[in-house]
Visitor: 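Here it is: the structure, laid out below.
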Amino acid sequence: MAKRYWLMKSEPDVYSIEDLRRDEVCHWEGVRNYQARNLLRDQIRVGDGVLFYHSNAKPPGVAGVAKVVKNGYPDHTAFDPESPYHDPKSDPDAPRWFMVDVAFVEAFPALVPLATLQQTAGLEDMVVTKKGMRLSVQPVTREEWRIVLRLGRRAGKERAPRPRESR
DNA sequence: GCCAACGTTGGC
DNA sequence: GCCAACGTTGGC
């Protein structure tokens, strides 16, 4: 399967790209939407690229890049009564919710705001720019990926020198 | 903090 | 299986 690309939302107050930089790898836990669940379980694969999106932020936007390092597996936080993501209806013998593991790749020197995405030619059909689209795990096309990475790296170039990145 | 757009739940 | 009520998401 060729490498594919995704956008995943996280509230930076809960878990930000800087948290992922520190942790290096994280479980993408707590997704409780069936459409997103299906992507995590069936579509997203090791090696795929992830745009790390800060939602409910000021401003919201793409903060950096991660990569998938573990395919979908049951989200154990659903089984934990102490977890904020606890779901008593998820049975360990037939898990309802899934997660993947992602690893830090890079943080953009400056966030690419949603408003910029909405104004950028070539991103007209990008899911995150659509009004009313709340899906927290979304597919991204190869071309959208290319454009957003260029925006993120260019944004940094205008403000501060960017250290050599591995990719 | 507001509220529009969605998704889910539950009565019938 | 409809749909009203309710809860959540997430931009503004």
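By convention in this document, chain letters (A, B, ...) are assigned in the order of the sequence lines, proteins followed by strands, and residues within each chain are numbered from 1. All values derive from a computational prediction rather than experimental measurement.
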Visitor: Identify, between N56(A) and R32(A), the residue whose nearest nucleotide on DNA chain B lies closer to the 5' end.
Guide: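 Upstream on the strand: N56(A).
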Visitor: Does a side-chain N or O of Y53(A) approach OP1 or OP2 of dG11(C) to a distance below 4.0 Å, or not?
Guide: yes
Visitor: Distance-only check: which donor-acceptor pairs under 3.5 Å involve side-chain atoms of residues 111-123 of chain A, not counting sequence neighbours?
Guide:
| from | atom 1 | to | atom 2 | distance (Å) |
| --- | --- | --- | --- | --- |
| T120(A) | OG1 | T116(A) | O | 2.6 |

Visitor: Please name the pair of heavy atoms, one in L135(A) and one in Q138(A), separated by the smallest distance, quoted to 0.1 Å.
Guide: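 Residues L135(A) and Q138(A), closest heavy atoms: O-NE2, 3.0 Å.
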Visitor: Without decimals, in angstroms, what is the distance between L135(A) CG and dG7(B) C1'?
Guide: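 Answer to the nearest Å: 11 Å.
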Visitor: Tell me: CE of M133(A) to C1' of dC12(C), nearest whole Å?
Guide: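 It works out to 19 Å between those atoms.
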Visitor: Could you state the NZ-P distance from K58(A) to dT9(C), rounded to the nearest angstrom?
Guide: 19 Å
Visitor: Could you go through residues 50-66 of chain A and list every donor-acceptor pair under 3.5 Å that involves a side-chain atom there, pairing it with any protein atom two or more places apart or in another chain?
Guide:
| from | atom 1 | to | atom 2 | distance (Å) |
| --- | --- | --- | --- | --- |
| H54(A) | NE2 | I17(A) | N | 3.1 |
| N56(A) | ND2 | E11(A) | OE2 | 3.2 |

Visitor: Verify whether one side chain among S90(A) and R32(A) offers a donor that lies under 3.5 Å from an acceptor in the other.
Guide: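 The answer is no; no qualifying pair exists.
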Visitor: Taking the minimum atom-to-atom distance to the side chain of S55(A), which one of dG10(C), dT8(B), dC12(C) wins?
Guide: dG10(C)
Visitor: Can you tell me which nucleotide in dG7(B), dG10(C), dC12(C) comes closest to the side chain of K9(A)?
Guide: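 Of dG7(B), dG10(C), dC12(C), dG10(C) is nearest to the side chain of K9(A).
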Visitor: Classify K89(A) by what it touches in the nucleic acid, base, sugar-phosphate, or nothing, heavy-atom distance under 4.0 Å.
Guide: sugar-phosphate
Visitor: Whether the side chain of D75(A) engages the backbone of G30(A) through a donor-acceptor N/O pair (distance < 3.5 Å, no angle test) should be reported.
Guide: yes
Visitor: Measure the distance from CD on Q35(A) to C1' on dT8(B) and round it to the nearest whole Å.
Guide: 14 Å
Visitor: Distance-only, no hydrogens or angles: does the D19(A) side chain make a donor-acceptor pair with backbone N or O of S16(A) under 3.5 Å?
Guide: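 Answer holds: yes.
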Visitor: Please report, rounded to the nearest Å, how far the P atom of dT9(C) is from the CD atom of Q138(A).
Guide: 15 Å
Visitor: What pair of heavy atoms forms the shortest contact from E18(A) to A107(A), and how long is it?
Guide: OE2-CB, 3.8 Å
Visitor: Could you check how far CZ of R37(A) sits from C1' of dT8(B), rounded to whole Å?
Guide: 14 Å
Visitor: Treat a base pair as Watson-Crick or G-U wobble with both distances under 3.5 Å, then lay out DNA chain B in dot-bracket form, 5' to 3', with | for cross-strand pairs.
Guide: ||||||||||||
Visitor: Can you work out whether R96(A) or R134(A) has the more 5'-proximal nearest nucleotide on DNA chain B?
Guide: R134(A)
Visitor: Rounded to the nearest angstrom, tell me the gap between atom CG in L117(A) and atom P in dG10(C).
Guide: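 Taking CG of L117(A) and P of dG10(C), I get 15 Å after rounding.
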Visitor: Let me know the distance between CD of E11(A) and C1' of dC12(C), rounded to the nearest Å.
Guide: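 Whole-Å distance recorded here is 15 Å.
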Visitor: Side-chain N or O of K131(A) less than 4.0 angstrom from OP1 or OP2 on dG11(C)?
Guide: no
